[in-house]
2 protein chains.
Amino acid sequence: MKGIRRLAQHLDISIGTVSRALNGRPDVNEETRRRVLAAAKELGYVANQSGRSLRQGTTNIIGFMMQTGTEITGQGDTFFMSVFDGVQAVFAKHKLDLVALLCSSQEDPTDYLRRVVARGFADGMILSATQRHDPRVELLSERNIPFVTLGRTLTDAGQPWLDLDFEGMAQASIDRLVAHGHRRIAITRPHDDVNLGYVFVERCRQALAAHGLALDEELIFRSTPNEAGGYQIGRDLVSLDDRPTAIVLINETIAIGFYRALSEAGVTPGRDVAVIGRYSPQAQFLSPSLTCFRLSLRDLGVALAETLLSTMPAFRDQYPHTATNKLWPMELVEGASDAPHFHQS
Amino acid sequence: MKGIRRLAQHLDISIGTVSRALNGRPDVNEETRRRVLAAAKELGYVANQSGRSLRQGTTNIIGFMMQTGTEITGQGDTFFMSVFDGVQAVFAKHKLDLVALLCSSQEDPTDYLRRVVARGFADGMILSATQRHDPRVELLSERNIPFVTLGRTLTDAGQPWLDLDFEGMAQASIDRLVAHGHRRIAITRPHDDVNLGYVFVERCRQALAAHGLALDEELIFRSTPNEAGGYQIGRDLVSLDDRPTAIVLINETIAIGFYRALSEAGVTPGRDVAVIGRYSPQAQFLSPSLTCFRLSLRDLGVALAETLLSTMPAFRDQYPHTATNKLWPMELVEGASDAPHFHQS
DNA sequence: CATAGTTCCGTAAACGTTTACGAACACCAA
DNA sequence: TTGGTGTTCGTAAACGTTTACGGAACTATG
């Protein structure tokens with residue numbers, strides 16, 4: 001005898017009552033409930049996941065899809081672990097479990113997701129590393145699976161999304177650098193599949209135009225979103241004849257390699273070239289310390305969770321005023337890397 | 001009509017035959033199988049996870065347990081993503097899926113794991129961030145859940161484990177530094193709950209003793225395994241009256257903060273103090289570049305997967321010669337941070 | 001032609017839950 | 001007493017699979 005039957009036999013009551021007691025149904029005597037809960041704890045009973053979700057058609061699991069073995073976003077190290085912590089803080093109130101669904105680099109992400117939803121694995125999904133055109137969005141929309149994306153896509157199917165405020169970062173960076181006297185400003189962007197690059201570049205272009213400046217196409221650096229990519233950008237930058245006096249790094253991890261390339265060329269950030277980047281645990285330990293845009297990853301996780309829940313029928317009423325689309329603000333942390341431009345050009 | 005019944009109805013055969021066809025049973029006509037497979041693809045049918053695992057008592061899922069919101073090992077996201085990729089390469093051959101089970105920082109890891117196994121969520125587990133005394137090991141052993149740990153525990157229950165070869169790293173580091181003329185060598189270690197610290201410190205002590213040197217207890221630095229911890233170690237080190245001429249950093253991420261602290265004090269790695277650390281994507285971009293111990297994370301993942309499968313009855317015969325315990329070697333990458341010690345002490 | 005063997009497929013029972021339904025009982029008012 | 005109203009619980013039917021079992025249709029063998 002196993003499972004709920006064992007518990008029922010042990011208490012000499014029916015399995016129906018046991019189930020009702022454990023699930024907090026009102027039609028069970030409080031004394032009985034107490035006994036059931038005590039026995040469950042004693043025998044270490046936890047309802048079998050398969051049986052429960054087969055009957056209920058629900059799993060109480062939310063999947064966070066990630067792709068292994070690849071670097072798409074350039075968000076390193078502890079980024080996701082912090083976001084997860086915020087998500088879980090919300091989920092814990094609703095007995096929802098967060099699991100990371102790991103798509104192998106050998107498998108197509110959309111195929112993987114199709115497999116996951118067809119199997120009925122999760123009640124809802126959080127998608128990250130969204131591409132500019134991302135078939136996963138359409139897939140989940142069609143199947144009516146609740147989901148939220150971290151990152152906008154170009155094909156907006158009306159789904160809920162959160163995204164970092166790259167427009168705000170672009171605007172603030174350009175304004176700040178221009179105010180510091182810079183006129184020739186370089187920017188970076190990820191490869192073409194990622195949407196945020198377009199958003200960022202266009203806003204930089206607009207912000208420069210507002211100051212009567214043009215964005216030099218030669219000064220838009222494209223690279224892999226990792227340290228090596230940053231190194232390459234640094235090499236390219238210092239080798240330019242008409243070197244820019246400032247640069248805005250859109251990714252988090254590229255600053256590390258960028259600094260190294262500058263250092264090898266005898267160029268010092270904050271003196272010879274102003275640098276604004278993104279916060280990472282390493283950023284504040286670069287020398288000179290990086291002026292960067294920072295955000296609370298845990299709060300971002302909380303917002304992701306709340307946005308998702310606000311679209312799920314079972315929880316909607318508990319999150320009535322949650323925005324389904326939001327640009328998440330980033331805060332400027334002043335370092336020593338973007339000192340004013342004193343040289344005359 | 002849903003699920004397998006829909007498929008059976010569509011083909012006008014029984015659900016039993018459909019199931020047998022999809023699961024590759026021999027007692028089904030090849031022509032029938034072809035038709036079933038085609039129809040399944042056309043209708044996008046994938047067997048419901050709950051139904052299947054309820055009947056079979058097996059989930060085809062392996063869980064990799066991680067703790068969110070905490071830094072125990074000092075290994076970042078890219079670390080695990082690479083390991084995962086190796087694990088999945090093996091699992092893909094056996095139609096096993098890897099998911100990361102995320103234990104919230106609010107919940108006790110052992111309670112979480114108990115919940116997961118009681119629910120019958122996974123067929124097997126991979127544990128990381130193992131503590132010196134880790135109740136999770138006993139839990140899984142008792143329940144007879146196949147598992148492997150990444151990291152040894154003190155309470156060895158005979159379970160399979162893989163671990164990085166910190167002994168080898170300790171020995172090679174000390175030998176190398178002594179050969180370079182260093183006599184006063186500092187080391188670092190994580191906090192007391194983590195086993196590898198003991199292993200590492202003891203081997204360093206032995207290696208030094210073999211050269212007739214004693215390990216100065218004052219030169220064992222303990223810190224959080226992140227950049228801030230490294231910064232603190234750096235500050236502490238430069239403020240010592242009798243400063244060591246070399247240091248071995250056991251964690252991956254601390255080098256970043258350590259370099260910064262040295263830089264602020266006008267101390268240069270590789271000239272004023274020799275530094276040996278662990279490889280990370282950032283390490284090669286530190287300046288001067290870090291001499292460090294590196295390993296193939298993907299291969300480590302492959303080994304983890306094979307070790308786990310070799311303990312599972314269903315797969316054991318396919319991995320007959322897999323060692324259940326293994327110290328994973330690390331390779332020295334020469335940088336510029338551990339130059340010979342030319343000063344007289 | 002009878003028998004045995006093989007191939008293929010349908011039937012139905014399980015797996016462990018949850019929950020609609022109704023029964024049993026106690027209580028109270030008429 | 002009767003009928004109504006709650007409270008509490010047991011019964012049994014789902015949920016979507018897989019698989020043991022047996023039967024039907026062939027084929028081969030004597």
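Each chain gets a letter, A, B and so on, in the order the sequences are listed, and its residues count up from 1.
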(message) Angle between the two end axes of the helix from C:dC1-D:dG30 to C:dA30-D:dT1, five base pairs per end, rounded to 10 degrees?
(response) 60°
(message) I'd like to check the side-chain contact (heavy atoms from CB on, under 4.5 Å) partners of B:I13; sequence neighbours left out, ordered by chain and number.
(response) B:L11, B:T17, B:V18, B:T32, B:V36
(message) How would you summarise protein contacts on nucleotides 9-18 of chain D per nucleotide, using B for base, S for sugar-phosphate only and - for none, with heavy-atom distances below 4.0 Å?
(response) BBB-BBBBBB
(message) Under a 3.5 Å cutoff, is there a donor and acceptor pairing between the side chains of A:S310 and A:T322?
(response) no
(request) For A:F315, enumerate each residue passing the ring-ring contact (aromatic ring centres under 6.0 Å, His included) test, keeping only those at least two apart in sequence or located in another chain. (result) A:H94
(message) Could you check whether B:T153 and B:N195, counting side-chain N and O atoms only, form a donor-acceptor pair closer than 3.5 Å?
(response) no
(message) Taking atom CZ as the centre, does A:R6 end up with more than 12 heavy-atom neighbours from other residues, nucleotides or ligands that are less than 6.0 angstrom away?
(response) no
(message) A:F64: which residues meet the ring-ring contact (aromatic ring centres under 6.0 Å, His included) condition with it, sequence neighbours left out?
(response) A:F80, A:F84
(request) Using side-chain contact (heavy atoms from CB on, under 4.5 Å) as the criterion, list what pairs up with B:E138, not counting sequence neighbours. (result) B:T155
